[in-house]
Amino acid sequence: MTLLSVENLQVHFRTPDGVNRAVDGVSFAIRAGETLAIVGESGCGKSVTSMSILRLLPEPPARLAGAIRFDGRDLLQLPEREMRHIRGNAISVIFQEPMTSLNPVLTVGRQIGETLRLHQGLSRKDAEERAVEMLTLVGIPEPRRRVREYPHQLSGGMRQRVMIAIALACSPKLLIADEPTTALDVTIQAQILDLMRDLKRRVGAAIMLITHDLGVVAEVADRVVVMYAGRKVEEAAVRDLFRSPRHPYTRGLMGAVPRLGAAEQPGAPQRLAEIPGMVPSLKTRIDGCVFAGRCPSATDLCRSHAPALEPKAPGHLAACHYAPKDALAA
Amino acid sequence: MTTPLLAVDDLRKHFLLGGGLLGRHARSLKAVDGVSFTLEKGETLSLVGESGCGKSTVARSLMRLFPPTSGQVVLGGRRIDDLSAGALRPLRRRIQMVFQDPFSSLNPRMRVRDILAEPIRNFGLARNRADLDGRLAALMERVGLPREALSRFPHEFSGGQRQRIGIARALAAEPDLIICDEAVSALDVSVKAQIVNLLQDLQKELDLALLFISHDLAIVEHMTHRVAVMYLGKIVEIGPRREIFLAPRHPYTQALLSAVPVPEPDAGRTRIVLRGDVPSPINPPAGCRFHTRCPHAFERCRTEEPRLDPVGGDHFAACHLDGAALPAQAA
Ligand SMILES: Nc1ncnc2c1ncn2[C@@H]1O[C@H](COP(=O)(O)OP(=O)(O)OP(=O)(O)O)[C@@H](O)[C@H]1O
Ligand SMILES: Nc1ncnc2c1ncn2[C@@H]1O[C@H](COP(=O)(O)OP(=O)(O)OP(=O)(O)O)[C@@H](O)[C@H]1O
Ligand code: SF4
Ligand code: SF4
Ligand SMILES: [Mg+2]
Ligand SMILES: [Mg+2]
């Protein structure tokens, strides 16, 4: 069952020097119980996409078009009052930057508690008890002491786990996690990923996971969307994507990740592979392929005609004129 | 032997917490509890370890964002931990830091141009206006941002782009040592590769020393010379990269390496799962601080604290098990 479907989403920012097409016609769907990972270059529109789902972007300067269907309703059409009921309850989010999204003058216990009181009508005392439970779940030692502390007294990783605790507090149907584990060490990371799996099992939640860590993607995602310059350039089941990436950008990404142990191999490269060049400005119209400026296989065709996003194998979409296409592609 | 660029000796930082209930004595949280290491010019030392083990506190103490509780910090042969703010000022340029959270470390009301010009002006590095402009343009190019972006504000950038601004700001001061506190963890893989390559190039060009704090162990392995593994305020293992990654000696290091996610679906591997209570830096466990979670703990570990002893060459580990009993594990 499709829980969320984003249809031809466009998010344009009006800026003094032109319109920034941060998200330019992106579509994808997430089924209940599924984990969809979104990966892609910094600035390609991942966070803007997730903020759009929650309607957290200031309009203006942002202008949104398209549709975001959640549980049968178009979130882009809902009045703010109803959105407020959805946020933190049916859909919750773990933001990329915990220090700026936590309130510095409230104890962490209050911040977790507020969400519970607001959405689940718990009493102050019950909310505090539950906050302690949540901190225990995310692996914070001495939760009873920590609920009374302020964000600046916590380490970066603890703040991140407080955000995770707030997001999980109401057992959301959709959890949007924007780089949830980058600030965490790998043992805590493993614990948090287990918690997210558990949320899926328990309440059949869907997870939209935004991350730069392809190791995490390989471990937890069912499907992956690859974005570049505000567009979706590839989508596939996780195994298909890692086994046979079709888009040159995706191949570049996979090539740029160092693997543990690689540095000790004889003849290991001194430098990491880069994708040369820079993302194009989103303020000028791009006629051809958005990746043409950096693609090792670009031709004149690529520079003049945008490739369509089309199936290259069953369930595997890519937007590239030259991506290999299986005979059986749907 | 020449003096190292940086020598840290028995550094401690204890945060005082408010008095307990019923007027008990004020307690302290031992965030960093006796950390020593040296760093040479042109060298990278990585600091890794559990969230909350004190890595950022080491970094902040070196930056003198707060005074250390005790211990010594010697920069280029000169003790700096006890200098007054005024005496420290000219030395501040030499250690720069790139923070974990780029957004809160950039002033939202300043344009990128002013963010980068501030250290250049503060330390009097530019000869004139044209020199300043040249430096700004070169910095932007170095970190892979378009020059037009100089006139924009931090909120107009994505998380990764903001981190590049933070790196440019650190470079602007022409430091000897850059402390990177999770500086590349928010970056996408290709920009991360660019920045890591950039840091390595700068290191070679400028003989820059790097103190690299990161949870990304594959990146650490790629770029570091030595690694220090911290647990609950102390270094439990320190050594050359190869030794740490191929033959880790401390059980905590082994568990850490075994938990690194592999970018291959269905990759088979065995993760060492740590059970037991995560201890508190207020009342650290007696004996070995890791004994509440160590899969190899035995009687002696509960009472006697292991010393950081040499286990071969430049490699040190703090564990009572002798080398023979501890199977060295390749990651
Ligand atoms: N408030 C805003 N005003 C103008 N432009 C914005 C605003 N917020 C974001 N943008 C632009 O939208 C684009 C997409 O940004 P977004 O934060 O979604 O990137 P991202 O994919 O999440 O990157 P990262 O991986 O670095 O977090 C960027 O070009 C950014 O500059
Ligand atoms: N200003 C402060 N007041 C009180 N306690 C603090 C303060 N800053 C840090 N601490 C505590 O010191 C300990 C070490 O924190 P630190 O930020 O150094 O950890 P870290 O190793 O950098 O962790 P992470 O990987 O999560 O960033 C933690 O228990 C933290 O709560
Ligand atoms: S369409 Fe052309 S430029 Fe674009 S990714 Fe494919 S080969 Fe490269
Ligand atoms: S000293 Fe004992 S408890 Fe500590 S790491 Fe070694 S075996 Fe484990
Ligand atoms: Mg983002
Ligand atoms: Mg830290």
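Numbered from 1 within each chain, the chains take letters A, B, ... in sequence-line order. The shown structure was predicted, so the numbers you read here are calculated from the model rather than taken from an experiment.
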Revision key, fill the gap. Smallest heavy-atom separation, Glu221(B) atom then Gly261(A) atom, equals OE1-N, 2.6 Å

Check your understanding: Where does Glu264(B) contact chain A at under 4.5 Å (heavy atoms): side chain, backbone, both or neither?
Key -> both

Practice item. Hey, could you give me the CD/CG distance between Gln189(A) and Asp216(B), rounded to the nearest 0.5 Å? Key: 9.0 Å

Exercise for review: Examine whether an atom of Gln270(A) lies under 4.5 Å from a heavy atom of chain B, and if so say whether it belongs to the side chain, the backbone or both; otherwise answer neither.
Suggested key: backbone

Review point. Any side-chain heavy-atom pair from Met254(A) and Pro263(B) closer than 4.5 angstrom?
Key: no

Exercise for review: Check whether any side-chain heavy atom of His222(B) sits under 4.5 Å from a side-chain heavy atom of Arg259(A), and report yes or no.
Suggested key: no

Check your understanding: What residue, out of Ala256(A), Ser281(A), Pro16(A), has the most heavy-atom pairs lying under 4.5 Å from chain B?
Key -> Ala256(A)

**Study point:** Gap separating the CG atom of Leu29(B) from the CD atom of Gln153(A), nearest 0.5 angstrom
**Key:** 9.0 Å

Practice item. List the atom of Thr187(A), the atom of Ala259(B), and the distance in Å for their closest heavy-atom pair. Key: CG2-CB, 4.0 Å

Review point. If you draw a 6.0 Å radius around CZ in Arg144(A), do more than 12 non-hydrogen atoms from other residues or ligands fall strictly inside?
Key: no

Practice item. Could you pull out the closest heavy-atom pair between Ala218(A) and Pro265(B), with the gap in Å? Key: CB-N, 3.7 Å

Exercise for review: Determine whether more than 12 heavy atoms belonging to other residues, nucleotides or ligands lie under 6.0 Å from atom CD of Glu141(B).
Suggested key: no

Study note, to complete from the structure: Between Val262(B) and Glu219(A) the two heavy atoms that sit nearest each other are N-OE2, 4.1 Å

Review point. If every non-hydrogen atom of Asp185(A) is compared with every non-hydrogen atom of Leu256(B), which pair is closest and at what distance?
Key: OD1-CD1, 4.4 Å

Check your understanding: So which part of Val217(A) gets closer than 4.5 Å to some heavy atom of chain B, the side chain, the backbone, both or neither?
Key -> neither

Review point. When only pairs under 4.5 Å are counted, which of Ile282(B), Val220(B), Thr57(B) shares the most heavy-atom pairs with chain A?
Key: Ile282(B)

Revision key, fill the gap. Between the NZ atom in Lys192(B) and the NE2 atom in His212(A), the distance rounded to the nearest 0.5 Å is 8.0 Å

Check your understanding: What residue among Val189(B), Ile195(B), Val196(B) forms side-chain contact (heavy atoms from CB on, under 4.5 Å) with Leu272(A)?
Key -> Val196(B)

Point to revise | Ser42(A)-Arg164(B) side chain donor-acceptor pair, cut-off 3.5 Å | key: no

Review point. Glu41(A) versus chain B, heavy atoms under 4.5 Å apart: side chain, backbone, both or neither?
Key: both

Revision key, fill the gap. One should read off an interatomic distance between Arg152(B) CZ and Thr15(A) OG1, to the nearest 0.5 angstrom, of 7.5 Å

**Study point:** Pairwise distance CD(Glu142(A)) to CG(Asn283(B)) - rounded to 0.5 angstrom
**Key:** 7.5 Å

Check your understanding: What part of Ala273(A) is in contact with chain B, defined as an atom under 4.5 angstrom from a non-hydrogen atom: side chain, backbone, both or neither?
Key -> backbone

**Study point:** Under 4.5 Å from any heavy atom of chain B - which part of Arg148(A)
**Key:** neither

